[in-house]
Amino acid sequence: MKIIPLHKEHAESFKQIRLIGLKQHPESFASSFEEEAEQSIQDIEKKLLSSQAITYGAFHEGRLGGIITLLFESKLKMHHKAYIVGLFVQEEFRGLGMAKQLMNTVIDNARVVETVEQLHLTVMADNQPALKLYKKLGFRSYAHEPRALKVAGHYYDEIHMVLPLK
Ligand SMILES: CC(C)(COP(=O)(O)OP(=O)(O)OC[C@H]1O[C@@H](n2cnc3c(N)ncnc32)[C@H](O)[C@@H]1OP(=O)(O)O)[C@@H](O)C(=O)NCCC(=O)NCCS
């Protein structure tokens, strides 16, 4: 398995895997399939080139199987926080340790950014696989947000978690 930061040339395959994730697990992501399906490849290239975020991809036998994004805060008073968003592993690649490696890559890379002192993420309250992974990596929950997302008329609670790095 190889994990690398995704760049402009990965925009097409990133869009494909992202749309699969949004379609299969609408309750796990704040963005919606409809919003992102309309994004042009140029918009996605811009996102991948942004200095405010790094997106990593996990490749297995040359195929993009998983993605994750590390988001930085632009506001000076929030430079000490960064966010992990968009973790998704395609079904056929699950159980291989791909999510764990993606998470560890993000954590290791965040650790060496001088300003970043803690990592935040949110997870749907019923998402046991993801919750188990985050707890194993040392994240602790600090808030339970009722009705955080509304998808097709159903409400989903979210757990907010943090990992201190320094
Ligand atoms: C959650 C998800 C990212 C896990 O991906 P994965 O590559 O299969 O996970 P890994 O193989 O790296 O497993 C790492 C750990 O996660 C936990 N885990 C993963 N799948 C699990 C499952 N089905 N049941 C329970 N725990 C699970 C385990 O703790 C596992 O460690 P272990 O194998 O030592 O027990 C994947 O199922 C997914 O993309 N789900 C849909 C999108 C999503 O929920 N994203 C997270 C949004 S916050």
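Remember, it's 1-based here, ligands and their atoms both numbered in the order they're listed.
Closer than 4.0 Å to atom 13 (O) of ligand 1 lies none of the heavy atoms of the protein. For atom 35 (O) of ligand 1, the nearest protein heavy atom lies closer than 4.0 Å.
Considering backbone and side-chain N/O atoms, T122 never comes within less than 3.5 Å of an N/O atom of ligand 1. Between V89 and ligand 1, a contact under 3.5 Å exists for at least one N or O pair. Remark: ligand 1 and G95 share an N or O pair separated by less than 3.5 Å (distance only, no angle test). For a threshold of 3.5 Å applied to N or O pairs, the pair formed by A99 and ligand 1 contains at least one separation below that value. By the 3.5 Å distance cut-off applied to N or O atoms, L87 is counted among the residues near ligand 1. Residue Y134 has no nitrogen or oxygen atom sitting less than 3.5 Å from a nitrogen or oxygen atom of ligand 1, judged on distance alone. Annotation: Q128 places no N or O atom under 3.5 Å from an N or O atom of ligand 1; distance criterion only.
In this structure, CE in M103 is found 12.5 Å from OH in Y56, a value given to the nearest 0.5 Å. The structure places CG of L22 at 10.5 Å from CD of E27, a figure rounded to the nearest 0.5 Å. Taking CD1 of I3 as the start and CD1 of I68 as the end, the distance is 8.5 Å to the nearest 0.5 Å. Considering CZ of F72 and CD1 of I54, their distance stands at 4.0 Å, rounded to 0.5 Å.
In the displayed structure, K166 atom NZ is contacted under 6.0 Å by more than 12 heavy atoms of other residues, nucleotides or ligands. Heavy atoms from other residues, nucleotides or ligands lying under 6.0 Å from CD of E92 number more than 12. Counting non-hydrogen atoms of neighbouring residues, nucleotides and ligands closer than 6.0 angstrom, the CZ atom of R63 reaches no more than 12 such neighbours.
When the heavy-atom distances from atom 18 (N) of ligand 1 to G21, P129, G65 are ranked, the shortest goes to P129.
Closest protein heavy atom to atom 15 (C) of ligand 1: L133 CD1, 3.8 Å. Nearest non-hydrogen protein atom to atom 44 (O) of ligand 1 is N127 ND2, 2.6 Å.
Within ligand 1, counting atoms from 1 as listed, the ones closer than 4.0 Å to a heavy atom of F88 are 39 (O), 42 (C). Interface of G97 with ligand 1, defined as ligand atoms under 4.0 Å from a residue heavy atom, comprises 10 (P), 11 (O), 12 (O). Atom numbering of ligand 1 starts at 1 in the shown order; those under 4.0 Å from a heavy atom of K100 are 12 (O), 34 (O). Numbered from 1 in the order shown, with element, the atoms of ligand 1 that lie under 4.0 Å from a heavy atom of H25 read 41 (C).
For H154 (side chain) and V151 (main-chain N/O), no donor-acceptor pair under 3.5 Å exists by modelled atom type. Within the 3.5 Å criterion, the main-chain N or O of A37 finds a donor-acceptor partner in the side chain of K15.
For L96, every heavy-atom contact with ligand 1 shorter than 4.0 Å involves the backbone, none the side chain. At a heavy-atom cutoff of 4.0 Å, ligand 1 is contacted by the side chain of K136 but not by its backbone.
A side-chain donor-acceptor contact under 3.5 Å links H120 and Q118.
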Is there a side-chain contact (heavy atoms from CB on, under 4.5 Å) between Y134 and I159 once you walk through the steps? CA-CA 11 Å; Y134 301 148; I159 309 282; over 6 Å; no
